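What follows is a single structure, written as structure tokens, with notes after it.
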There are 2 protein chains.
Amino acid sequence: MGGLTETATHEGHVGAVDLEPRPVADVTTVLQALGDPMRLAIIGSLDRSDGARPCGAFDLPVTKATLSHHFRVLREAGIIQQRCEGTRRMTTLRRAELDAVYPGLLDSILRAPRS
Amino acid sequence: MGGLTETATHEGHVGAVDLEPRPVADVTTVLQALGDPMRLAIIGSLDRSDGARPCGAFDLPVTKATLSHHFRVLREAGIIQQRCEGTRRMTTLRRAELDAVYPGLLDSILRAPRS
DNA sequence: CCCATCGTTTGACATCCATCGAACTATTCT
DNA sequence: AGAATAGTTCGATGGATGTCAAACGATGGG
């Protein structure tokens, strides 16, 4: 049923393993990763809600396979981070790491006029 | 403003026809245009020398045809501007227009660690 | 007038990329 | 255990994209 608001308070549950947190990639890779409408929508959605979100929480007109591909691109560029939590993959924006390597880049992109 | 808004370097030079100055494109297009090593090198080179430069002045390991292609992509994204001057095409970075639409974007990219 | 210079356009080619459906894995719920 | 849920991985496919060589157009110098 609609049992949300789970917050994973079940102890003894050790499934929360961090998924390969890669270093932030070079500029071209990051720009290429962000130069896609779907991925930019993902990033914008992540930015507006400052918590970890499962993949299914992004309302995008693509299949799960395609969504998984985009998450991989963003993850390998070091832009996002994913953490397994039960059957979900909680995604967070690696804002601090991004800001450290490319100061102002993410801000200027997120502040860009959404079309 | 930066005070860089000069529209007429040499007055009355007949052949100096402006080449379709397009408006700055949407974020994805701009990011995609900048998300390429060659084009990023072009932009960086343009940034370091704050004058108009002919296409041949960019020392890049590609043929003229490929270079022309990259210039077109940048031009159509509204990032650069080209002006015919005799047989040369003087290229300038449209910094003011870019900054107006996406404040801080170009700066953060140009300030990024060059690899 | 001829020709060298500068850059574009075209056609071709290989590669990458976004997308999908289907099969698979892992976890949770009944 | 069995079913349901959440994502991944694996081809496959159609569409961009970066690259080149060759042909072309415009401009300026002998």
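Computation of the quantities below employed the complete heavy-atom set of this structure, encompassing side-chain atoms and omitting hydrogens, waters and symmetry-equivalent molecules. Here is how names work: the chains are called A, B, and so on, in the same order as the sequence lines, proteins then strands, and each is numbered from 1. This is a predicted model, so every value here is computed, not measured.
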Minimum-distance pair of heavy atoms, taken over all atoms of A:Leu105 and A:Leu31: CD1-CD2, 4.2 Å

Considering all heavy atoms, the nearest A:Ala41-A:Leu60 contact: CB-CD2, 4.0 Å

Spacing of [X] atom [atom1] relative to [N] atom [atom2], expressed in whole Å:
X: B:Leu67; N: D:dG18; atom1: CG; atom2: P; value: 13 Å
X: B:Gln82; N: C:dG7; atom1: CD; atom2: C1'; value: 9 Å
X: A:Lys64; N: C:dA23; atom1: NZ; atom2: C1'; value: 15 Å
X: A:Leu60; N: D:dG7; atom1: CG; atom2: P; value: 13 Å
X: B:Arg75; N: C:dT9; atom1: CZ; atom2: C1'; value: 12 Å
X: B:Leu74; N: D:dG18; atom1: CG; atom2: P; value: 10 Å
X: A:His69; N: D:dA12; atom1: NE2; atom2: P; value: 18 Å

Charged N-O contact under 4.0 Å between B:Glu97 and B:Arg95: no

Taking only side-chain nitrogens and oxygens of [X], does any of them come within less than 4.0 Å of OP1 or OP2 of [N]?
X: A:His70; N: C:dT19; result: yes
X: A:Thr87; N: D:dA6; result: no
X: B:Arg72; N: C:dT9; result: yes
X: B:Arg89; N: C:dC6; result: no
X: B:Gln32; N: D:dT17; result: yes
X: B:Arg88; N: C:dG7; result: no
X: A:Thr66; N: C:dA18; result: no

Between B:Arg75 and B:Gln81, a side-chain donor and acceptor under 3.5 Å: no

Joint hydrophobic cluster, B:Phe71 plus B:Leu106, side-chain heavy atoms closer than 4.5 Å: yes

Sugar-phosphate only, base, or nothing, as touched by B:Val73 at under 4.0 Å among non-hydrogen atoms: nothing

Earlier contact from the 5' end, DNA chain D, for A:Ser68 and B:Met38: A:Ser68

